[in-house]
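Notes for the one structure printed next.
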Number of protein chains: 2
Amino acid sequence: MDPEYVRTLQRWCFVIEEELDKVLDFWQKYSHDTEHGGFFTCLDKDGKIYDETKYVWLQARQVWMYCKLYNEVPKYANDQILQPALKGAQFLLNNCLISRDGCKRCAFSVTKGGKAIKIQRTLFSECFFVMAMSEAWRSTKEEIYQDAAVTMMMQIYHWCLVDDSALGRESLPGSVPMSSLAVPMMALCLCHQIETCAIEWSHSKATTLKDWAIGQMLNHVKRGGAKVLENISPDGKEISGSIGRVQIPGHTIECGWFLLRHAMKIGDDELAEKAIQSFISAPFEQGWDDEYGGILYFTDADGFPPTQLEWNMKLWWPHNEAMIAFLLAYVHTKKEIFIKQFDKVAQYSFEKFVDKEHGEWFGYLHQDGRISSRFKGATWKGCFHIPRSLLMCKQLLSEILNK
Amino acid sequence: MDPEYVRTLQRWCFVIEEELDKVLDFWQKYSHDTEHGGFFTCLDKDGKIYDETKYVWLQARQVWMYCKLYNEVPKYANDQILQPALKGAQFLLNNCLISRDGCKRCAFSVTKGGKAIKIQRTLFSECFFVMAMSEAWRSTKEEIYQDAAVTMMMQIYHWCLVDDSALGRESLPGSVPMSSLAVPMMALCLCHQIETCAIEWSHSKATTLKDWAIGQMLNHVKRGGAKVLENISPDGKEISGSIGRVQIPGHTIECGWFLLRHAMKIGDDELAEKAIQSFISAPFEQGWDDEYGGILYFTDADGFPPTQLEWNMKLWWPHNEAMIAFLLAYVHTKKEIFIKQFDKVAQYSFEKFVDKEHGEWFGYLHQDGRISSRFKGATWKGCFHIPRSLLMCKQLLSEILNK
């Protein structure tokens, strides 16, 4: 590797490890609900709580994040991080599961004391629940967590591969049935998670689900490999209209590193190349805003105006995902272009998102890079994307620099 | 009136009449579905259709707008505007009503051919349906329209005042029951509409509904009259958290001119003063962006960060509503401050939103006033707010200048 790049990566290694500590410090200081367990994520710039609603995706993600740090990072292998994590896991188990139509659903949002406010008609609360339970089992080996993870995994399998009508989505005469990229993406993520935690659930189901997820994700690659579409018909075709043309570059890139990680694990170079080309390089090329820098939130595959008002905002998480994706792509290919792109995204992120004054990152910028929303946490931003990215980048950078 | 203001208003009178013609021209040229009836509202900057989904609020609003112009503006009293309007009304009647739980619901969105895609769990499609049917009756005196309007009005009365469970909103243990300003606002709007069209439906229900609507709207005034909150508890109290603090200045101002119009009609000076002070002047003061100009989309009553990503965008319709509100306030009070504020909003609007090249207005600007979304129509922007505002401002300016 070019010595200049070595120095660049060494610097990032140091900065990223330091930033991970600062980010964790913010959540540990401001988010723990010591009374009920779980976490307050509606935090203002300075950490002050502006709403006490608990969003279950974020509860589960923070349990997972804390347990993962406990499990993998010696400096975090202590009760200071484990105890709030387990209190959060207990909060999920005691409050967030709701029996409905013969299933156990996970609420989307609950009151601080755990009363359900809303249930979504998608399976993502349940997916993050599995993330939390499995990682908590990995930390404690307590059966209750493994059982919860496996039970929910069986349901997710059923919803993905057999019948998702229990999720309650209405079908009207004009409804266009569609498959969204997020579902197989989460399914693959969960398969990896369950394996990492060495949880036995069903070897045949695990294989079937993983193969389905990968196949589905690849179906979203259209236009001769040039574009990944967020939504396709169940039989794998393009859908007309704005909904069929929408792209979320950050989502695509996140899929990319899930696929690449899997491809590298099983030694499938063809899949790895596909992941890099179609899911990482192309969307980055299409989604990077050459005028202002940063990754656009939504794009339209045919250049029509995206319908989302926030389409040209710069959000934190696509940048987190791109940082991971480029380092992973470098590890696999040894092509220095990926170091360059990692550096480009990391520079943008640290310059625009990081709050040097109060810590953590702003999440939402105007197209031109100025801060638009000043909160550090909300319905969709919690203790997850940033620390996950910083942790993985740190691990990848160490791996790269040690060679 | 100060002669300078007279000249200003004369100029606006001319500009606004011309702009109304240009805006109507855009919709007439690009939006009519001559095959199925109804209107395409997903129009790009240059009028090109980028999605064929039909949104029922916008279908009904365009029918209402066209019929109103036919009914009130001699230059539009012709078949060129009436025929597409009636085809749109037929499209609504034939396709958009869906029987469900013993009610007739209106779809939220349908395919271009009229197959239902989605039904909302609110009553606004039904409200705009009444607007359309009643104005179409006023144009044609055909019973089918009056019957449709009255039948739906009876249902709306029931949902507002008796039981809205048929709308299908789920109630979970942690759900916070709430009343949103939009409901009584639409109810008052409909009462006025039905009276304007001289439709008989039920004198006692009309009175009850109107009184309820006004009382409800006034309940949203909090903090000693200083702030209007979008959401309150059913028993009229503030709700904690972001949902209870959210304000939509444009919405409040729109309520303001509905209330003021009503107050002026019945000669209730106290109500008129309340409408002006709490629903027009205060929210304008709070919502006007002193740095960049324009009215903010969302604010938080206590200065916490709004949760909506689009909070600081400048949308077209709040400016349309403010223009009407200030002229109406001048007509009632004769205070020149309202001329000044009308001029301020109109100047901002014509400078920032109007597309001199392709006609009509951009709807969505960044906080700093630059265009963010380039489409002229979408799910929420159609042929309604702008022409309604231009028509009413023209009528008010004529009234003012004739005195």
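Please read all numbers here as calculations on a predicted model, not as lab measurements. Excluded from the calculations below are hydrogen atoms, water molecules and symmetry mates; all remaining heavy atoms, backbone and side chain alike, are included. Labels below follow one simple rule: chain letters A, B, ... track the order of the sequence lines, proteins then strands, and each chain is numbered from 1.
- Between chain A and the options Gly241(B), Pro305(B), Gly363(B), Ala378(B), the largest number of non-hydrogen pairs under 4.5 Å is found for Pro305(B).
- For the set Lys48(B), Arg100(B), Glu52(B), the entry with the most heavy-atom pairs within less than 4.5 Å of chain A is Arg100(B).
- Looking only at heavy-atom pairs under 4.5 Å with chain A, the residue among Ser373(B), Ala107(B), Ser240(B) that has the most is Ser373(B).
- Heavy atoms of Thr379(B) lying under 4.5 Å from chain A are absent altogether.
- No more than 12 heavy-atom neighbours from other residues, nucleotides or ligands sit within 6.0 angstrom of NZ on Lys118(B).
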Please evaluate residues Tyr50(B) and Thr307(A) with respect to the criterion side chain to side chain contact (heavy atoms under 4.5 Å, CB included), reporting the C-alpha separation (whole Å), side-chain torsions for both, the decisive distance (0.1 Å), and the verdict. CA-CA 10 Å; Tyr50(B) 64 85; Thr307(A) 57; 4.1 Å; yes

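- Most heavy-atom pairs under 4.5 Å with chain A: of the set Arg370(B), Gln308(B), Glu310(B), this distinction falls to Arg370(B).
- Within the 4.5 angstrom heavy-atom criterion, atoms from both the backbone and the side chain of Ile119(A) approach chain B.
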Before you tell me yes or no, could you show the steps for His366(A) and Asn312(B) under side chain to side chain contact (heavy atoms under 4.5 Å, CB included), namely the whole-Å CA-CA distance, both residues' side-chain angles and the distance that decides it to 0.1 Å? CA-CA 10 Å; His366(A) 290 293; Asn312(B) 54 31; 3.3 Å; yes

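- Only the backbone of Ile243(B) comes within contact range of chain A, with at least one heavy atom under 4.5 Å from a heavy atom of that chain.
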Test side chain to side chain contact (heavy atoms under 4.5 Å, CB included) on Cys42(A) and Phe304(B) and set out the steps. CA-CA 10 Å; Cys42(A) 294; Phe304(B) 283 106; over 6 Å; no

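- Across all their heavy atoms, Pro306(A) and Phe375(B) have their closest contact at O-CE2, 3.4 Å.
- Listed by chain and residue number, Arg388(A) satisfy the side-chain hydrogen bond (donor to acceptor under 3.5 Å, both in side chains) test with Glu254(A) (two or more places apart in sequence, or in another chain).
- Contact count against chain A (heavy-atom pairs under 4.5 Å) is highest for Ser372(B) among Ser109(B), Gly113(B), Ser372(B), Gly114(B).
- Using a 4.5 Å heavy-atom cut-off against chain B, the contacting residues of residues 170-178 of chain A are Glu170(A), Leu172(A), Pro173(A), Gly174(A), Ser175(A).
- If you take CG on Asp368(A) and CG on Asp368(B), they are separated by 6.0 Å, rounding to the nearest 0.5 Å.
- For Ser349(B), there are no side-chain hydrogen bond (donor to acceptor under 3.5 Å, both in side chains) partners two or more places apart in sequence or in a different chain.
- A salt bridge does not link Asp51(A) to Arg245(B): none of the charged nitrogens lies less than 4.0 Å from a carboxylate oxygen.
- Every residue was checked against the side-chain hydrogen bond (donor to acceptor under 3.5 Å, both in side chains) condition with Asn94(B), not counting sequence neighbours, and none meets it.
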